[in-house]
Amino acid sequence: WAPLLGQELRGEDFGRWEGGLRRCRIVSTSRQAPQQQTSSCRMLRLDQQMEGLLTVRFLQPAGGGAFLDRQLVFAGVLAEGTRGMQCQASRCEPRWPQRLRVSAEGQAGIGQATAALGQTRAQLASGHCQLDGRAFRCEAVGSQGERWQAEATP
């Protein structure tokens, strides 16, 4: 019965989409480092845990046996009028444009070469992302005035 019931299920509401980037610039500032820190990335990954929730990752894949990708993460809910990605078998296709109200920011592997656990962090933030298939832009501000911005083109 399970295979027959499975055939009747509509598409899933979770999964992932990713694509390569030609150009990417990540800029961050904080109270501890008021001077802008700039880095780059090579991939954009969208993770949809359920329709309406989206995580946007700007990634610089680890190389040379490194343990952890460098990434800047923006997470939140889709803005009103924005449709979630269409997913099947955990693979998704975005329905451009994707507009996101950011409620959290995270980083992993960004900064000096230190232990991975010391580099991974997440915190509440407020901001937005505008992803239209031709350009990707996210920005957010943390509770202590920290700022993060990412701009990329496929």
message: Tell me whether Leu100 shares a hydrophobic cluster with Ile26, the cluster being built from Ile, Leu, Val, Met, Phe, Trp, Tyr side chains joined at under 4.5 Å.
response: yes
message: Between Gln48 (side chain only) and Met85 (backbone N and O only), is there a donor and an acceptor less than 3.5 Å apart?
response: yes
- prompt: Taking Arg95 for the side chain and Gly84 for the main chain, is one N or O donor matched with an acceptor at less than 3.5 Å?
  reply: yes
message: Could you check whether atom CD of Gln86 has more than 12 heavy atoms from other residues, nucleotides or ligands sitting under 6.0 Å from it?
response: no
- request: Identify whether the distance between the nearest side-chain nitrogen and carboxylate oxygen of Arg121 and Glu105 falls below 4.0 Å.
  value: yes
query: Can you list the residues that meet the salt bridge (Lys or Arg N to Asp or Glu O under 4.0 Å) rule with Arg23, with sequence neighbours excluded?
result: none
query: Is a side-chain N or O of Arg99 found less than 3.5 angstrom from the main chain of Glu80, in a donor-acceptor match?
result: yes
task: Show which residues join Val27 in its hydrophobic cluster (side-chain heavy-atom contacts under 4.5 Å, direct or indirect), or state none.
output: none
- prompt: Could you state the interatomic distance from CZ (Phe74) to CH2 (Trp148), rounded to the nearest 0.5 Å?
  reply: 8.5 Å
Distance-only polar pair, side chains of Thr55 and Gln49, donor-acceptor under 3.5 Å: yes
task: Kindly give the heavy-atom pair with the smallest separation between Ala150 and Leu72, and that separation in Å.
output: CB-CD2, 4.3 Å
message: Looking at Ser28, is its backbone amide N or carbonyl O close enough to the side chain of Arg147 to form a donor-acceptor pair, meaning the two atoms are under 3.5 Å apart?
response: no
message: According to a hydrophobic-cluster definition based on side-chain heavy atoms being under 4.5 Å apart (Ile, Leu, Val, Met, Phe, Trp, Tyr only), do Trp17 and Leu54 belong together?
response: yes
query: So, for Pro154 and Gly133, which heavy atoms are closest and what is the spacing to 0.1 Å?
result: CG-O, 3.3 Å
query: Is the number of heavy atoms from other residues, nucleotides or ligands under 6.0 Å of Arg25 CZ greater than 12?
result: no
- prompt: Between Gln98 and Arg83, is there a donor-acceptor pair closer than 3.5 Å when you use the side chain of the first and the backbone of the second?
  reply: yes
task: Verify the neighbour count for atom CZ of Arg45: are there more than 12 heavy atoms of other residues, nucleotides or ligands below 6.0 Å?
output: yes
statement: Applying salt bridge (Lys or Arg N to Asp or Glu O under 4.0 Å) to Arg134 and not counting sequence neighbours gives Asp132
